[in-house]
Every structure is written in C-alpha cells, then in structure tokens.
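A short write-up of the structure that comes next.
Lettering of chains follows the sequences in order, A, B, ..., and the numbering in each one begins at 1.
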Number of protein chains: 2
Amino acid sequence: MTPVPRASAATSPRELAHPARDEIRLEGVLHALSDPMRLRVVRELAAADAEVACSHVELPVTKSTCTHHFRVLREAGVIRQTYRGTAKMNGLRRDDLDALFPGLLDAVLAAAGAQAARRPTGS
Amino acid sequence: MTPVPRASAATSPRELAHPARDEIRLEGVLHALSDPMRLRVVRELAAADAEVACSHVELPVTKSTCTHHFRVLREAGVIRQTYRGTAKMNGLRRDDLDALFPGLLDAVLAAAGAQAARRPTGS
DNA sequence: GTCAAACTACGAGGGACTTCGTACAATGGG
DNA sequence: CCCATTGTACGAAGTCCCTCGTAGTTTGAC
C-alpha cells in the first residue's frame with residue numbers, strides 16, 4: 001500500500017517520551033500502582049533488578065492491554081522503556097522515584113510482598 | 001429485630017461499616033490515596049493527629065462530594081469514622097496501616113509534603 | 001415543638017479507565 | 001527477499017469514577 005513517510009525517523013530508532021524527574025506526580029504514581037496488573041509488573045521488574053522485555057512479563061491479558069499498562073507506567077514515570085531490536089525493554093526508575101519520594105517504592109514493594117504472602121492462591 | 005444494623009435508615013446507633021484489618025487491600029489504599037482531594041484529606045488528618053469532623057476539612061467541592069471521598073477512604077481502610085452528635089469524626093487508621101504496610105503511610109505523607117513544597121501555590 | 005447544623009441518599013452528567021479484537025509497522029534471521 | 005517475532009494504533013464496549021444538585025434524615029439546642 002502507500003508507504004507513509006515519517007519525519008526524521010531515519011536515524012532515530014523509535015524513541016519513547018518519558019516524563020522528566022520533576023514532572024512525576026505522586027498522584028500519578030499512586031494511581032499507576034493501584035492497578036493489580038501494573039503492580040504485578042512493577043513487582044516483577046523490581047525482582048528482576050534489570051531490564052525486562054514486555055513479552056517476558058506474563059499477564060492474564062492480551063497484548064494490547066499489556067501495551068496499555070506499560071504505557072501508563074511509563075507516562076507516570078514509574079518505568080523507563082527502550083527499544084532493543086524487536087523487543088522493548090523495561091526498567092524501574094528507581095533513582096528518580098527514590099529521589100522524589102524516598103522510601104515510597106520500597107514500602108509499596110514490601111507491602112505488595114506481604115499481601116501476596118497473606119493471600120497464597122489469590123491474585 | 002434486626003441483627004445487623006445497616007447504614008440505611010437504621011435505628012438509634014448509627015454505625016458505619018469498616019473493613020477489618022486483614023480485609024484492607026494495598027490496591028484499594030493506593031487508589032484511595034491517588035485522588036488529590038483524598039490525599040489532601042489524609043494529609044490534614046495526619047497533621048491534626050486527632051479526630052477531625054468532616055466539616056472541619058475544607059475542600060473545594062460540595063458536601064456531597066466530600067461525603068463520597070470520606071466514604072472511599074473509609075471503605076479502603078484508610079480512615080475510621082464515628083458519629084458524635086451531628087458530626088462525623090474521622091481519624092487515620094495508623095495502627096492498622098502500619099501493621100499491614102510498614103512505612104507506606106509515612107512515605108506517602110512525606111512524598112506529598114515534598115511535592116507540595118515543590119509546588120507552592122496549589123497547581 | 002421547632003429549628004438549624006451536619007451529613008446522607010439518590011440520580012444524573014461527563015469523563016476516564018480496562019479490556020478486547022483487528023489491522024499494521026519495525027526488526028532481525030534464514 | 002520472505003517471514004516470524006514483537007509491539008503499536010485504533011476503535012469499541014462496558015464499567016467505574018468524580019462532581020454536582022436536590023431532597024431527606026439524624027442530632028442537639030432553644
């Protein structure tokens with residue numbers, strides 16, 4: 001079909017917009033973390049302690065929904081995303097979050113872990 | 001006789017339903033705190049460090065909306081509400097939250113304070 | 001009894017969110 | 001070049017959420 005020309009995409013290998021550190025809002029972070037799917041993603045990223053591909057995180061939703069949740073996390077400033085070949089790597093923005101909201105991420109992760117321990121089979 | 005007094009046209013002692021400690025879910029708490037109005041309420045309750053009447057918390061919304069937000073906070077397990085005459089007193093459930101999610105409430109409160117300091121005139 | 005104060009219930013409007021399906025683009029290997 | 005893999009865009013359906021106005025209930029004071 002008609003090849004769509006794109007602006008200056010020749011040298012830019014698909015870049016993604018991230019909020020700057022001081023653009024990250026607490027309400028946005030809390031809202032991003034208040035979804036079970038996204039909290040699960042964040043827990044896996046924290047456990048991995050490295051960049052993880054979207055496809056490596058197993059969620060009981062379709063790929064479209066997966067993309068949506070990763071975008072919410074990125075736009076809230078919780079994760080950083082970069083392309084690597086056909087994969088998209090995800091990493092927690094620990095440094096920014098710890099600088100802005102000291103102890104918050106660790107408290108949420110610990111709380112999620114404790115809650116998961118209390119609810120063995122559920123969620 | 002009614003064994004379980006409901007909050008709908010009940011009899012003498014108006015009682016309110018609160019979730020038990022182990023019924024409090026992290027996602028619910030995070031969602032409750034992710035709203036600017038409710039975060040504001042929680043900050044005021046934490047600053048007061050005592051029971052505060054709904055009418056004493058000044059919010060730029062109508063009373064109906066105020067009631068709604070207080071109920072969300074109560075049903076999420078963040079606050080405890082009790083009637084006292086015509087007033088309804090509100091207090092943080094610090095003990096329960098600290099037991100379930102150690103450090104979470106303090107981290108959120110500190111983060112909210114830090115963010116408010118970065119944004120002097122409320123957005 | 002009457003009245004004001006404080007809060008609630010109900011419903012409505014408008015917007016945001018979660019999920020999905022389908023079709024499409026970018027990358028790297030055979 | 002062809003194609004499988006990976007993720008995106010777009011729209012749609014259904015649901016939930018925030019806000020409000022109005023009418024009503026409960027309580028305590030006069």
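Glu15(B) places its CD atom 18 Å from the P atom of dC7(C), with the value rounded to the nearest Å. Atoms CG (Leu39(B)) and P (dC18(D)) sit 13 Å apart, rounded to a whole Å. Taking atom CG of residue Asp35(B) and atom P of nucleotide dC18(D), one finds them 5 Å apart after rounding to whole Å. Nucleotide dT25(D) holds its C1' atom 10 Å from the OH atom of Tyr83(B), rounded to whole Å. Residue Ile79(B) contributes atom CD1, which lies 12 Å from atom P of dC7(C) at whole-angstrom precision. Here the C1' atom of nucleotide dT18(C) and the CG atom of Leu59(A) are 13 Å apart, to the nearest Å. Rounded to whole angstrom, the span from the NZ atom of Lys63(B) across to the C1' atom of dT26(D) amounts to 13 Å. To the nearest angstrom, P of dG7(D) lies 10 Å from CD of Gln81(A).
Taking the side-chain hydrogen bond (donor to acceptor under 3.5 Å, both in side chains) definition, one finds that Gln81(A) meets it with Arg74(A), Asn90(A), sequence neighbours left out. Every residue was checked against the side chain to side chain contact (heavy atoms under 4.5 Å, CB included) condition with Pro102(A), not counting sequence neighbours, and none meets it. Every residue meeting the side chain to side chain contact (heavy atoms under 4.5 Å, CB included) condition with Ala46(B), not counting sequence neighbours, appears here in chain and number order: Leu92(B), Leu109(B). Glu44(B) is linked by a salt bridge (charged side-chain N to carboxylate O under 4.0 Å, His left out) to nothing, counting only residues two or more places apart in sequence or in another chain. In this structure, the salt bridge (charged side-chain N to carboxylate O under 4.0 Å, His left out) partners of Arg80(A), at least two apart in sequence or on a different chain, are Asp96(A).
Among dG21(C), dG7(D), dA9(C), the nucleotide with an atom closest to any side-chain atom of Thr62(A) is dG21(C). Across dG7(D), dA6(C), dT18(C), the shortest atom-to-atom separation from the side chain of Ala87(A) is found for dG7(D).
Between the side chain of Ser55(A) and the base of dT5(D), no donor-acceptor pair of N or O atoms lies under 3.5 Å.
For the residue pair Ala76(A) and Gly28(A), the shortest heavy atom distance occurs at CB-O, 3.8 Å.
Within a heavy-atom distance below 4.0 Å of DNA chain C, the residues of residues 65-77 of chain A found are Thr65(A), His68(A), His69(A).
For residues 97-107 of chain A, the salt bridge (charged side-chain N to carboxylate O under 4.0 Å, His left out) pairs, not counting sequence neighbours, are Arg94(A)-Asp98(A), Arg94(A)-Asp106(A). Pairs of residues two or more places apart, or lying in two chains, that qualify as side-chain hydrogen bond (donor to acceptor under 3.5 Å, both in side chains) and include a residue from residues 50-71 of chain A are Arg38(A)-His69(A), Thr62(A)-Thr65(A).
Considering CZ of Phe101(A) and CD of Gln115(B), their distance stands at 5.0 Å, rounded to 0.5 Å.
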Strictly under 3.5 Å: I want the nitrogen or oxygen pairs between protein and nucleotides 28-30 of chain D, one per line.
none

